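To keep things clear, I will list the structure first and then write my remarks on it.
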Amino acid sequence: MIYLSLFLTVTLGIYGILILRTEKKVSVQERLSFFLLNNEQEQKTELNEEEHLTFYKRFIMPLFVDFKKSFKKRMPGEKEARIDKKVQMAGSPFGMTAVDFRIIQLISIIVLPMIFFGYGTLLNAGKGIVVIFVLFGILIGFFAPHFYLKQKTKARKHMALREFPDILDLLTVSLEAGLGFDAAITKVIAKKDGPLSMELHRCLEEIRLGKTRREALTGIKERLDVDEIKSFIGSVLQAEKLGIGMVQVLRVIANEVREQRKQRAEETAMKAPIKMLFPLVLFIFPSLFIVLLGPAVIQVIETFKNG
């Protein structure tokens, strides 16, 4: 009986070891097949995506990216920083960078003179006129991108100045409700859209990435060259430095900003009659004179003819 139990114990132990080894091999094979199948599926999906890519994404876009990298290496650092500041002040339209701006400027300097040359040739103008057209195209190609950035910057400043009083009121109310400065800015960003709210959102992101509040707010002053906003940021930084209550400072600034907005509205209203004078003199008065005095002039002319 003892030998039988010993035999059964040894046999069952060997059988258990064999089962464990086979189960381990099966699990390893299942895991390998799972990962291999996933890799094959990923490769197939990547191949399918590459097949569905357009010619622009497969061929032209990589060439353009390589060209931008080589162009950036040749571009001086000071010039790039100066153009980048202008682009950021304009709000980076269409995601434009300093390198993109220079490429667009070079393309316009090349393409516009060719268009003007073709236009002059179609008109059968003389060589001197064609040369003047080409020079005019070069000037337009050089200054047009700068003019576009200048107009975008001007429009962005105007929009930021218009939304500034409302944002300041929301910020003051949020701080009075007990929120911290960063939480109040987050609340303002969720409620308002526009250049100033976008700059505040960028300020928060820079703070989360490790910049100090002073550096992040100073960046807003550099990108939005508006006197009222610069004064507001300077007051906030000064209050933070001296430990003054932020709510009191913002309440005073909000009253000043509302008064300035009222003065700007009155100034615009006073300019309206002067601006209306030119279309009145050039377009409306001549039409009135023609309608009122036209028949009388015709009668006088007919009277002199008959007389």
Side-chain angles (χ1 to χ4, degrees), residues 85-94 146-179 181-204 213-214 216-240 244-288:
K85 185 179 179 181
K86 289 182 180 180
V87 171
Q88 287 188 4
M89 288 178 69
S92 299
F94 307 105
H146 289 287
F147 180 75
Y148 173 74
L149 284 185
K150 189 176 179 180
Q151 291 300 115
K152 290 290 288 185
T153 304
K154 187 177 179 181
R156 192 164 178 262
K157 287 180 183 179
H158 181 68
M159 291 176 64
L161 191 59
R162 284 187 63 185
E163 68 173 334
F164 179 54
D166 297 332
I167 285 180
L168 196 56
D169 289 337
L170 282 172
L171 191 61
T172 306
V173 170
S174 300
L175 288 172
E176 287 177 346
L179 294 176
F181 187 73
D182 295 344
I185 290 177
T186 305
K187 183 66 69 176
V188 168
I189 291 167
K191 297 291 183 181
K192 297 292 290 183
D193 291 326
L196 185 55
S197 60
M198 289 173 62
E199 289 294 336
L200 290 173
H201 183 265
R202 181 173 176 175
C203 172
L204 279 183
R213 186 182 293 173
R214 177 176 290 273
L217 290 173
T218 305
I220 296 177
K221 287 201 297 184
E222 293 175 355
R223 291 186 296 270
L224 277 177
D225 191 12
V226 181
D227 293 335
E228 288 82 356
I229 295 174
K230 290 168 75 173
S231 175
F232 158 69
I233 293 173
S235 301
V236 169
L237 294 176
Q238 192 72 15
E240 186 181 8
I244 304 171
M246 197 75 71
V247 178
Q248 299 174 0
V249 174
L250 291 181
R251 193 180 293 117
V252 172
I253 296 172
N255 293 328
E256 291 180 356
V257 168
R258 277 194 290 271
E259 187 66 28
Q260 289 173 358
R261 181 168 63 176
K262 182 180 177 182
Q263 292 174 0
R264 283 196 302 272
E266 292 175 352
E267 182 182 357
T268 305
M270 292 175 68
K271 288 179 181 178
I274 300 171
K275 291 180 179 178
M276 291 170 62
L277 183 63
F278 296 102
L280 278 172
V281 172
L282 293 176
F283 302 107
I284 297 176
F285 283 168
S287 303
L288 287 174

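Please read these numbers as outputs of a predicted model, since none were measured by experiment.
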Residue pair [X] / [Y], side-chain heavy-atom distance below 4.5 Å:
{"X": "Cys203", "Y": "Leu217", "value": "yes"}
{"X": "Leu149", "Y": "Pro93", "value": "yes"}
{"X": "Val247", "Y": "Arg251", "value": "yes"}

Report task. Assess whether atom NE2 of His158 is packed by more than 12 heavy atoms of other residues, nucleotides or ligands within 6.0 Å. Result -> no
Open item on the list: Taking CD in Glu176 as the centre, count heavy atoms belonging to other residues, nucleotides or ligands within less than 6.0 Å. Is the count above 12?
Closed with: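 Yes, the 6.0 Å shell around CD holds more than 12 heavy atoms from other groups.
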Distance (rounded to the nearest 0.5 Å) between [X] [atom1] and [Y] [atom2]:
{"X": "Phe283", "Y": "Leu288", "atom1": "CZ", "atom2": "CG", "result": "14.0 Å"}
{"X": "Met89", "Y": "Lys152", "atom1": "CE", "atom2": "NZ", "result": "14.5 Å"}
{"X": "Gln88", "Y": "Lys85", "atom1": "CD", "atom2": "NZ", "result": "10.0 Å"}
{"X": "Leu250", "Y": "Asn255", "atom1": "CG", "atom2": "CG", "result": "11.0 Å"}
{"X": "Met159", "Y": "Asp193", "atom1": "CE", "atom2": "CG", "result": "9.5 Å"}
{"X": "Leu170", "Y": "Lys191", "atom1": "CG", "atom2": "NZ", "result": "8.5 Å"}

Might you point out which heavy atoms bring [X] and [Y] nearest each other, and give the distance in Å?
{"X": "Leu179", "Y": "Leu175", "result": "O-CD2, 3.4 Å"}
{"X": "Ile189", "Y": "Leu200", "result": "CD1-C, 3.7 Å"}
{"X": "Leu282", "Y": "Pro286", "result": "O-CG, 3.4 Å"}

- Message: My understanding is that only one of Arg156, Lys192, Lys157 makes a salt bridge (Lys or Arg N to Asp or Glu O under 4.0 Å) with Glu199; could you say which?
- Response: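 Of the listed options, the one satisfying the test is Arg156.
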Any carboxylate oxygen within less than 4.0 angstrom of a Lys/Arg side-chain nitrogen, looking at Arg214 and Glu240?
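No, Arg214 and Glu240 are not salt-bridged.
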Which atom pairs, donor and acceptor, lie under 3.5 Å between side-chain atoms of residues 225-238 and protein residues at least two apart or in another chain?
{"from": "Asp225", "atom 1": "OD1", "to": "Lys230", "atom 2": "NZ", "distance (Å)": "3.2"}
{"from": "Ser235", "atom 1": "OG", "to": "Ser231", "atom 2": "O", "distance (Å)": "2.9"}

Check residues 160-169 and write down every donor-acceptor pair under 3.5 Å in which the side-chain atom is one partner and the other belongs to a residue at least two apart or another chain.
{"from": "Glu163", "atom 1": "OE2", "to": "Leu196", "atom 2": "N", "distance (Å)": "2.6"}
{"from": "Asp169", "atom 1": "OD1", "to": "Arg258", "atom 2": "NH1", "distance (Å)": "2.6"}
{"from": "Asp169", "atom 1": "OD2", "to": "Arg258", "atom 2": "NH1", "distance (Å)": "3.3"}

*In chain order, what residues pass the side-chain hydrogen bond (donor to acceptor under 3.5 Å, both in side chains) check against Glu259, with sequence neighbours excluded?*
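Result, side-chain hydrogen bond (donor to acceptor under 3.5 Å, both in side chains) vs Glu259: none returned.
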Side chain to side chain contact (heavy atoms under 4.5 Å, CB included) assessment of Gln260 paired with Arg264: CA-CA 6 Å; Gln260 289 173 358; Arg264 283 196 302 272; 3.9 Å; yes
